[in-house]
Structures are given as structure tokens and as C-alpha cells.
There are 2 protein chains.
Amino acid sequence: MLDLAVLGLLRKRPRHGYELKARLVELGFARVSFGSLYPALRRLEKRGLIEALRQSGRRKAYRLTDLGEQEFARILGSTDHDEDGRFNMRLAFFQYLEPPARLRSLKRRRSHLVSRLQNAQVALQDEIAAGSGDHYTAALLQHNVASTESDISFLDQLIAYARSEMAAEAPRTLTGGKK
Amino acid sequence: MLDLAVLGLLRKRPRHGYELKARLVELGFARVSFGSLYPALRRLEKRGLIEALRQSGRRKAYRLTDLGEQEFARILGSTDHDEDGRFNMRLAFFQYLEPPARLRSLKRRRSHLVSRLQNAQVALQDEIAAGSGDHYTAALLQHNVASTESDISFLDQLIAYARSEMAAEAPRTLTGGKK
DNA sequence: TAAAGCATGTAAGAGGTTACATGATTGG
DNA sequence: CCAATCATGTAACCTCTTACATGCTTTA
């Protein structure tokens, strides 16, 4: 996941490690530590996906190479990054994805969340039925349901937006063709 | 985190690996894989925190030892498991924590979320001010704000509940003492 | 000039992921 | 009896965490 983050952030402009970390915190990915970030930068450099531009003082900015841009597109478009924080990370870079791919990705995520919601609802009902009297477990399960529902409606908004984008972008497929 | 989960689930009653995994999925911790669960069981057994009870067929149930119960209490009460999924995991076992410790833990978590909310709000304002026109990044930041707010109000409910528990449990500290 | 924050790095160890392999049990 | 599901396990690989070490830059 760090790889996607680094490549995606460098796609916009060169940055150095400390800056990357700050941006990740802004985006809500607070857990990234320097002990994983710096080794990740070296790995990516070794693979030729990014290259260092020595700067003032101790700073070491990196830029995305052409190869890195290809790899970024590949990861961003790949189907298997559906889970949890990974999806949010991909969402942060949706600007670099084609509208149809966006829509596909959003729908896939939505159906993933729907099945999670069903699981959470069943678990909550079972807990209530069991009547264990454990308020905190019940509260946790209730919260799982509520936050998953909220995530789904968030997805619905994004799906509506993505549809409107596609309608606005390629209207000539509706009116075009032979007169 | 897996250690806490396993010890906590076994504290109620013995279970085998497959069962533990199923319960974790119910509780919303879906990412646990058998490739981490079974080695974790062996580690815990080696440390004397759990012990195996051979059962029918291939099943191998484990029970919590006295040492395991101590270790569970230590982890559950420890201050440094404040982050993300770790907190929810602890919440699932709040029934085993003393009411005052619950309240302390909930408050700590709340202040953690409040500072996360501030960060998220600033990031959202900055993004709007920058006017990058990237709808998806803005949506992500907006969602970060909303879901953190929702988490805080969830916490507030739990804090109110924990307070009421303590008031109900020890009312004589209010009326007692010297007449 | 001292402190605080900026900035990069390494090493050890723990732990997770994925893929693979195996065998038991149950239902159609 | 076959398939699906239950159930446990191992190995290779990779990554993250934590702790430590270092040095620059700004500002009070």
C-alpha cells in the first residue's frame, strides 16, 4: 500500500520523504512510520520507479520515472486492492483513473461493503438474540452496522458523481452516430 | 493485536482455531488469515498462555491458562493500544475491564479522535482553499471528517453509559463516609 | 548557542500474506 | 462416493515496528 501512496503522491510533483509523510497524515493515513517509508523509497528507487534529485541540505526529493508511472497505473487499476484502507488510498488517486474504471471500482467496493453489512447485521441480531448482556460488544456490533451503512451511502454519492462525469464527458455517444 | 483477540475470546470459553476466526469475522475483524492465526496459537501455547485440549477428529481447542488470563488483563489495561482497529478490539473485551479503567480508556480514545478530527478539518479546508478541482480527494477528506465525527459521538454514548454504570455500581461513595 | 523541529537513515525482530499441502466430516 | 466445507498446518517472502543514531536548520 505504501508503494501506491508514494508513486501516487510523486505523480503530481517531486517530494522528499518527510513531505510524503506529512501529506499521508493529511489524507488520513496516519500510521505510516519513517522506518517503513525510507526503506520503501530505496526499494522503489532500486526498481527504477522513482529517482532521487538531491536538493538543498539534507533533503532528498524523488521524482516519478516513466516506468514508475506505468507501474502506478497498473496498481491503481488492479482489481485486488479492494480491502479497507487500500480502497481509500486508491480513492485519493482516482483523478488518475479513467472514468469507466472509476465507476467499476466504486461498484465493486459497494458490493463488498454490502456483504460486510449483511454480516454485521446478522452478528448484531445474533448478539441481541443471545442476550449476553454485554453492552460493549453489542455497541461495537451496532457501530459496525452504522458505519458500514454510512460508507455505503458515501459510495452511492461517488457513484452518482462518477455517472454524471461520464454523461458529461461523452454525450456524443448519445446524440452522435449517423444523423 | 491477534494475541489480544485470541486470549480475549478464549477467556469466555475454549475454542479451536477455525472457530476463533469465525468469531473474529462476526466482530468485524475480517482480515485475520489462518496463516497468521495458527502460528499465533503456537506462539501463545509456547509462552504458556493457552493450552491445547485435543478434541474430536482434527479439532484442537485451546483454553486460557491462569498465566494467560494475567497477560490478557495486562494487554487490555495497557495504555498504548489506542490506535484504530486495536481500540475496537479492546472494546470487544471491555466486559473484562474494571469500570474506572473503561472510562479512562474511552476518554483517552476520545481525545485521540478529537485531534484526528482537527487534522481532518484543516486538511479539508486547505484542499477547498487550494481549489485543485479534484473531487475525489475532496470527497475522501470530507468523509474522513464525517466518519471521525461519527466515531466521536459513538464514544460519547459509551462514555455516558460507562458513567452511569459507575454511578449505579458505587452509589455509597456519594452518601457514605461520615454522617 | 541552545532547543525544537526538520530530515534521513539502519538494524533486529516480530509478524503478516500468500500459496501450498493435507486430512476429516458431512450432505446430496 | 463425491463435492463442499471444515480444519490444521508449513514455508518463503516481505513488510512493518521500534529503537536507535545522526546531522541540518531555524528561531528565541
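For the numbers below, each heavy atom of this structure counts, side chains included, while hydrogens, waters and symmetry mates do not. Protein chains get the first letters and strands the later ones, always in sequence-line order, with residue 1 at the start of each.
In the hydrophobic cluster analysis, where Ile, Leu, Val, Met, Phe, Trp and Tyr join through side-chain heavy atoms closer than 4.5 angstrom, A:Val25 is grouped apart from A:Leu9.
Contacts between residues 35-52 of chain A and DNA chain D, defined by a heavy-atom separation under 4.0 Å, are made by A:Gly35, A:Ser36, A:Arg43. Contact check of residues 7-23 of chain A against DNA chain D (heavy atom, cut-off under 4.0 Å) returns no residues at all.
The end-to-end axis angle of the helix from C:dT1-D:dA28 to C:dG28-D:dC1, rounded to 10 degrees and based on five pairs per end, is 30°.
Looking at B:Leu141 and B:Gln125, their side chains never come closer than 4.5 Å, going by heavy atoms from C-beta outward. B:Thr137 places none of its side-chain heavy atoms less than 4.5 Å from the side chain of B:Ser132. No side-chain heavy atom of A:Arg104 sits under 4.5 Å from any side-chain heavy atom of A:Leu97.
Phosphate contact (OP1/OP2 of C:dG16, side-chain N/O of B:Ser33, threshold under 4.0 Å): absent.
If you measure from atom CZ of B:Arg59 to atom P of C:dT25, you get 9 Å, rounded to the nearest angstrom. The interatomic distance linking A:Phe34 (CZ) with C:dT8 (C1') rounds to 9 Å, in whole Å.
Checking B:Asn88 against A:His143 by side-chain atom types alone, no donor-acceptor pair falls below 3.5 Å.
In terms of modelled atom types and a separation under 3.5 Å, the side chain of B:Arg90 and the main chain of B:Leu76 share a donor-acceptor contact. Of the possible polar contacts, one joining the B:Asn144 side chain to the A:Leu27 backbone as a donor-acceptor pair under 3.5 Å is found. Here the side chain of B:Lys60 pairs no donor or acceptor atom with the backbone of B:Leu53 at under 3.5 angstrom. Under the 3.5 Å distance criterion, the side-chain polar atoms of A:Arg63 are left unmatched by any main-chain donor or acceptor of A:Ile50.
A nucleotide of DNA chain D counts as in contact with chain B when one of its atoms lies under 4.0 Å from a heavy atom; the first and last such, 5' to 3', are D:dC6 to D:dT10.
Using cut-offs of 30° and 60° for the angle between ring planes, the B:Phe34 and B:Tyr18 rings count as parallel.
Shown here are the salt bridge (Lys or Arg N to Asp or Glu O under 4.0 Å) partners of A:Glu26, two or more places apart in sequence or in another chain: A:Arg23. Residues passing the ring-ring contact (aromatic ring centres under 6.0 Å, His included) test with B:His16: none are found, sequence neighbours excluded.
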Stepwise side chain to side chain contact (heavy atoms under 4.5 Å, CB included) check, B:Leu7 with B:Arg74 = CA-CA 11 Å; B:Leu7 297 177; B:Arg74 195 194 61 73; over 6 Å; no
